[in-house]
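To start, the structure under review is shown below, and the notes come after it.
Here is the naming used below: chain letters follow the sequence lines, and residue numbers restart at 1 for every chain. Excluded from the calculations below are hydrogen atoms, water molecules and symmetry mates; all remaining heavy atoms, backbone and side chain alike, are included.
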There are 2 protein chains.
Amino acid sequence: MSQTPPKPHHHGDLRAALIRAGIDILQTDGFHGLSLRKCAARAGVSHAAPAHHFDGLAGLKGAIAHHGLTLFREAMVAASKDETDDLARLKGICRGYLNFVAARPALFRLMFGFESHEIEKAAREIDDAVAYDVLRAACAPFVRKDLPAPILEAQVWSLIHGYATLYLTGNFLRDVHALPEQEAFDQVMAALDRMVSL
Amino acid sequence: MSQTPPKPHHHGDLRAALIRAGIDILQTDGFHGLSLRKCAARAGVSHAAPAHHFDGLAGLKGAIAHHGLTLFREAMVAASKDETDDLARLKGICRGYLNFVAARPALFRLMFGFESHEIEKAAREIDDAVAYDVLRAACAPFVRKDLPAPILEAQVWSLIHGYATLYLTGNFLRDVHALPEQEAFDQVMAALDRMVSL
DNA sequence: ATGTCAATATTGACAGTGTCAAGTTTGCGG
DNA sequence: CCGCAAACTTGACACTGTCAATATTGACAT
């Protein structure tokens with residue numbers, strides 16, 4: 001895509017404005033509300049203008065996801081940075097994960113929903129690392145010879161990702177979601193105690 | 001919706017035909033390929049005919065998800081029924097879960113993607129139980145006083161659901177997915193050993 | 001058999017959507 | 001000042017879901 005717009009001509013910086021518009025629309029109108037034409041309208045340009053900055057809708061979604069990943073990382077960092085204990089820190093990461101899901105459901109859906117398959121794949125692999133590193137660091141203290149880092153990370157990531165998505169969609173887990181939110185989270189995340197114990 | 005179509009007039013049983021068409025289209029053209037008009041065309045009726053059997057697209061998706069849930073259940077039962085050991089049986093359920101995801105990705109996405117939010121909600125809560133009961137039964141042997149059934153179920157469901165969706169979308173977990181599929185599955189599901197152990 | 005009537009399906013229209021092919025404006029570099 | 005390319009607009013196309021109006025069908029009562 002056009003990663004170097006050196007000097008904006010008409011708008012100012014349309015590319016950034018469209019991404020901002022997209023994130024706003026996701027928050028306001030939900031995932032369905034996002035469309036190229038609405039982003040264009042909100043940015044005050046014509047309906048086909050975005051085509052010059054993104055490779056169609058998939059390209060715009062890719063750019064939004066790219067930006068969203070830094071917000072995602074920030075949420076996890078913020079929720080874990082005050083923890084000193086290794087386990088509490090890991091749970092803080094998960095707490096941040098869930099906070100992000102609750103705060104920006106549509107953006108999360110764009111980033112991690114099945115749609116991510118159709119998103120511009122190029123930069124994705126690099127971007128993912130931005131968020132994944134946070135988890136990796138939090139998992140590091142628990143790595144053992146019989147529990148390699150990639151496996152542990154996959155286990156933890158699967159657990160929190162699964163819980164977050166089931167939480168978001170309301171599928172299954174009704175008994176648990178009937179509990180107060182924090183208690184439900186704590187009880188499910190208690191699985192980490194065992195997964196990580198000697 | 002029309003839950004009692006006592007005597008078909010024109011088509012034969014258009015409702016069932018549309019659901020079948022929908023599942024076929026999901027398998028052939030992927031999630032995006034599904035549309036009311038295409039289902040109608042494949043069933044040999046006009047584009048607006050489905051409206052008389054389903055409450056719009058959400059209604060059709062709901063009906064497809066309803067049917068898909070029984071296939072989903074069958075996949076889990078089939079993969080676990082020959083196991084006698086309790087833990088192996090639980091892992092068989094998870095194996096069946098992943099098998100289903102691999103075999104019918106678009107249908108799975110319709111059922112458990114974020115789209116399920118917009119799906120006809122009415123029957124969903126009852127339907128869910130159809131599949132959830134399989135998991136519940138497999139979890140039952142491991143329930144203890146300090147590990148109530150709903151919590152354990154939520155932990156197991158979150159783990160396999162998270163792994164399956166990350167597997168499907170290709171987000172994160174690259175190191176693990178570089179492994180042979182069965183080995184990756186086994187290693188991640190080893191977390192169950194610990195979660196369930198005394 | 002005949003007429004009634006509701007369920008079933010068709011047709012045509014409408015507002016959206018993404019995307020493409022042209023044209024138009026803008027402003028920088030020679 | 002002029003060219004020229006980047007940025008943007010305009011108009012069209014095919015496709016989508018949805019609705020209102022119409023036509024058809026088949027069962028049931030008389």
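Counting to the nearest Å, the P atom of D:dT18 and the NE2 atom of B:H52 are 13 Å from each other. Taking atom CG on B:L18 and atom P on D:dG17, their separation rounds to 12 Å, with Å as the unit. Distance, B:L60 CG to D:dT18 P: 10 Å, rounded to whole Å. In this structure, B:H32 atom NE2 and D:dC15 atom P are separated by 17 Å, rounded to whole Å. As rounded to whole Å, 17 Å separates atom P of D:dA6 from atom CG of A:D13.
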Show me the side-chain donor-acceptor pairs of residues 158-167 of chain B shorter than 3.5 Å, one per line, residues at least two apart or across chains.
{"residue": "B:S158", "atom": "OG", "partner": "B:A154", "partner atom": "O", "Å": "2.7"}
{"residue": "B:H161", "atom": "ND1", "partner": "B:Y97", "partner atom": "OH", "Å": "2.7"}
{"residue": "B:H161", "atom": "NE2", "partner": "A:T165", "partner atom": "OG1", "Å": "3.3"}
{"residue": "B:T165", "atom": "OG1", "partner": "A:H161", "partner atom": "NE2", "Å": "3.3"}
{"residue": "B:T165", "atom": "OG1", "partner": "B:H161", "partner atom": "O", "Å": "3.0"}
{"residue": "B:T165", "atom": "OG1", "partner": "B:G162", "partner atom": "O", "Å": "3.0"}

Hey, can you pull the donor-acceptor pairs under 3.5 Å for the side chains in residues 188-198 of chain B, sequence neighbours left out?
{"residue": "B:D193", "atom": "OD1", "partner": "B:K91", "partner atom": "NZ", "Å": "2.9"}
{"residue": "B:R194", "atom": "NH1", "partner": "A:S197", "partner atom": "O", "Å": "2.9"}
{"residue": "B:S197", "atom": "OG", "partner": "B:R194", "partner atom": "O", "Å": "3.1"}

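At a threshold of 4.5 Å between non-hydrogen side-chain atoms, the residues B:L107 and B:M111 count as touching.
Ring centroids of A:F100 and A:F112 are separated by 6.0 Å or more, keeping the two rings apart.
Of all heavy-atom pairs spanning A:C39 and A:L60, the tightest one is SG-CD2, 3.8 Å.
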Look for any protein N or O under 3.5 Å of an N or O in nucleotides 14-19 of chain C and output each such pair with its distance, or none.
{"residue": "C:dT17", "atom": "OP1", "partner": "A:S35", "partner atom": "OG", "Å": "3.3"}
{"residue": "C:dG18", "atom": "OP1", "partner": "A:L36", "partner atom": "N", "Å": "2.8"}
{"residue": "C:dG18", "atom": "OP2", "partner": "A:L36", "partner atom": "N", "Å": "3.3"}
{"residue": "C:dG18", "atom": "OP2", "partner": "A:R37", "partner atom": "N", "Å": "3.3"}
{"residue": "C:dG18", "atom": "N7", "partner": "A:R37", "partner atom": "NH1", "Å": "2.5"}
{"residue": "C:dG18", "atom": "O6", "partner": "A:R37", "partner atom": "NH1", "Å": "3.1"}
{"residue": "C:dT19", "atom": "OP2", "partner": "A:L57", "partner atom": "N", "Å": "3.0"}
{"residue": "C:dT19", "atom": "O4", "partner": "A:R37", "partner atom": "NH1", "Å": "3.2"}

Taking it one step at a time, do A:R95 and A:E181 satisfy salt bridge (Lys or Arg N to Asp or Glu O under 4.0 Å)? CA-CA 11 Å; A:R95 182 72 246 176; A:E181 196 266 348; 2.9 Å; yes

